[in-house]
Asker: 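My structure is below; once you've seen it, I'll send some questions.
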Amino acid sequence: MGIDIKSVNKRFGSFEALRDVNLSVAPGEFLALLGPSGSGKTTLLRIIAGLEFADEGQVLFDGHDVSERSVRDRHVGFVFQHYALFKHITVAKNIAFGLEVRPRASRPSRQDIDERVQRLLQLVQLPGLGGRYPTQLSGGQRQRVALARALAIEPRVLLLDEPFGALDAKVRKELRRWLRKLHDEMGITTVFVTHDQEEALEIADRVVVMSKGVIEQVGPAQEVYDQPATPFVYDFLGNTNRLPASVRGGIANVAGLLVPAPEVPDGAGIAFVRPHEFDLRPSGTYGGIEGIISHVFANGPILRIEVNVPAVHVAVDLQVEVEAMRQGVDGLSLSRGARVALAPRNIRIFPDH
Amino acid sequence: MNWSPARLRQPSVIPGFRLTLGFSLAYLFLIVLIPLGALLLKASELGIGGMLAIAFDARVLAALKLSFGASFVAALINGVFGLVLAWVLVRYRFPGKKIVDAIVDLPFALPTAVAGITLATLYAKNGWVGALFGPQTWVGSLFGPKGLMIAYTPLGVVLALTFVGLPFVVRTVQPVLADFDAETEEAAASLGASRLSTFTRVIFPALLPALTTGFALAFARAVGEYGSVIFIAGNIPMVSEIAPLLIVTKLEEYNYAGAAAIAVVMLAISFVLLLVINLLQRWNQSRMRA
């Protein structure tokens, strides 16, 4: 099922949670809403679910306006960060809940419900645990029960609010890959909220980056990472270096390096370079930023090198991080105090507000 | 392995197991067990046969029935309305909420005799409220040609017991309801549950342990209540006479053993009932977090 969000605004008192948000989710898509806390991502998800209502704007399911419909009638599967399982009933009863509360006319028979519960327990890889109570399960198992419970009603869309946020790192990684596989098998439109960029980039088809109630950028994970549209996205996604720049006539001066910046107005600017997008060259090489190595950290196959750049236009020294393959830096002296040139392979200049 | 007695204790940041346990036991003995033991001793003067004879005396039986029956009904009423009151106090904001919250505790603070006299005055045939249920009014005529008598009937007993038991259910349910996770309710709604089935299938079961505790406390309080009831009950033997009053009557007749015998019977019944409630609670809890 496709979802369209049209000019949605939402305020909580004087706090503007969402400002003119427009978004389309294609049928069968796996979409991540990514942003720091307070960015409005959870509010947007809850408005899609009908747990919250927009002050202005519409939510369309397959072209039909569902803005006024309550969560009961929207037929969505919702998974909460803290599972929200019913503690007083068994796992099987939890999963059957959505079927058992249906009016008699549309309720499946006892036998059908039992069969479906067994199938779902298989699906979430918890066969034989139907008789347990939620408190007897681990966090990862509980979240899979919550997912099975949401899927039991055969929802039109699956909405997950930081589903792995309360789990430890290892379980989180396993579970998100498993969720992606599950999605590929079932093909159900899925929207999930996360503040973990790694999680979003790894499993989502498209990533929506949000900040302060506004969508900053929407696109395939790789594209959002490689071509951030705004300084916020650059900063939020992955590690990045911020270097002061001054722009004049479409040319930016970044610590002595001249970079074309045709769309940036004259004045102060900020240059963004990711640590792995630097090449280390011998000092004096043309097209590099000169600096002195201050620290070298070995992290498995990656060397992280911090370089002090005496900036021309600012009075402070900057630390620039360089991630480079060990093999790639043979022949260069990488000891503290060595002079090197940093050659960016990819650099973006934004005006500094 | 060295199994010295010290190993049985869990090491703890704050020492003093021996001191606190010793104090607790001594305290329990002084305050609870010695008086109860003396009671048993006094009652045993009659022998088992004598005690049973008193317990099965028609007037005593009627009083016991009224005491436990009215207490049960009062605790049930408090269970229902205490839950509603706790719900309103936790879920909604309204002007004067703090005051309503404080009023709930008043039955704790008021001398029970004052409550009894006030209730008796209000609910007597010519009292403000009692008059509303008289034969002349349309409300009263609903209950037959004589209207509804509240004071000086078993109904009055229930009324007084409901009054004194009110805070228990509210105060036990309130914190549990306040801690109840809103997400759980939202989960039920997202699965298509109506408001009613969300309450009956999700919220109520979560409140049940606290509600049961509140019920048991209100019930126990009502069984032991004396001061407020005697003023409104009318104390007609076989009709509106409660067991505690019967004990006092025996005492006034210098029949100490007889008084003790009735007390022991009450004690035994209360003990069994509270034990059953606690076992039910334990069973219910173990299901949830084994």
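Convention: sequence-line order gives letters A, B, ...; per-chain numbering from 1. All figures in this text were calculated on a predicted structure; none of them were measured in a lab.
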Asker: Using non-hydrogen atoms only, which part of A/Ala146 is less than 4.5 Å away from chain B: side chain, backbone, both, or neither?
Answerer: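 Neither part.
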
Asker: Pairing donors with acceptors under 3.5 angstrom, does anything connect the side chains of B/Ser197 and B/Ser194?
Answerer: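 On atom types as modelled, these side chains qualify, holding a pair under 3.5 Å.
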
Asker: If you measure only the distance, is there a donor-acceptor pair under 3.5 Å linking the side chains of A/Gln58 and A/Asp65?
Answerer: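 Their side chains do contain a donor-acceptor pair, which is all the 3.5 Å distance test asks for.
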
Asker: Does any backbone or side-chain atom of A/Leu85 lie under 4.5 Å from a heavy atom of chain B? Answer side chain, backbone, both or neither.
Answerer: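 Just its backbone gets close to chain B.
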
Asker: Salt bridge check: are A/Asp184 and A/Arg180 linked by an N-O gap of less than 4.0 Å?
Answerer: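 Salt bridge between A/Asp184 and A/Arg180, a charged N being under 4.0 Å from a carboxylate O: yes.
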
Asker: Relative to chain B, which of A/Arg102, A/Glu100, A/Arg74 shows the most heavy atom pairs under 4.5 Å?
Answerer: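 When all of A/Arg102, A/Glu100, A/Arg74 are compared, A/Glu100 has the most.
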
Asker: Is it the case that A/Thr189 and A/Glu29 place a side-chain donor and acceptor less than 3.5 Å from each other?
Answerer: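 Judged by distance alone, the side chains do not pair up.
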
Asker: Count the heavy-atom pairs under 4.5 Å between each of B/Gly192, B/Ala182, B/Ala189 and chain A, then report the option with the highest count.
Answerer: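 When all of B/Gly192, B/Ala182, B/Ala189 are compared, B/Ala189 has the most.
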
Asker: Let me know if A/His82 has heavy atoms under 4.5 Å from chain B in its side chain, its backbone, both or neither.
Answerer: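 For A/His82, heavy atoms of backbone and side chain both lie under 4.5 Å from chain B.
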
Asker: Run the salt-bridge test on B/Asp105 and B/Arg171 with the 4.0 Å N-O cut-off and return the result as yes or no.
Answerer: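 Salt bridge between B/Asp105 and B/Arg171, a charged N being under 4.0 Å from a carboxylate O: yes.
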
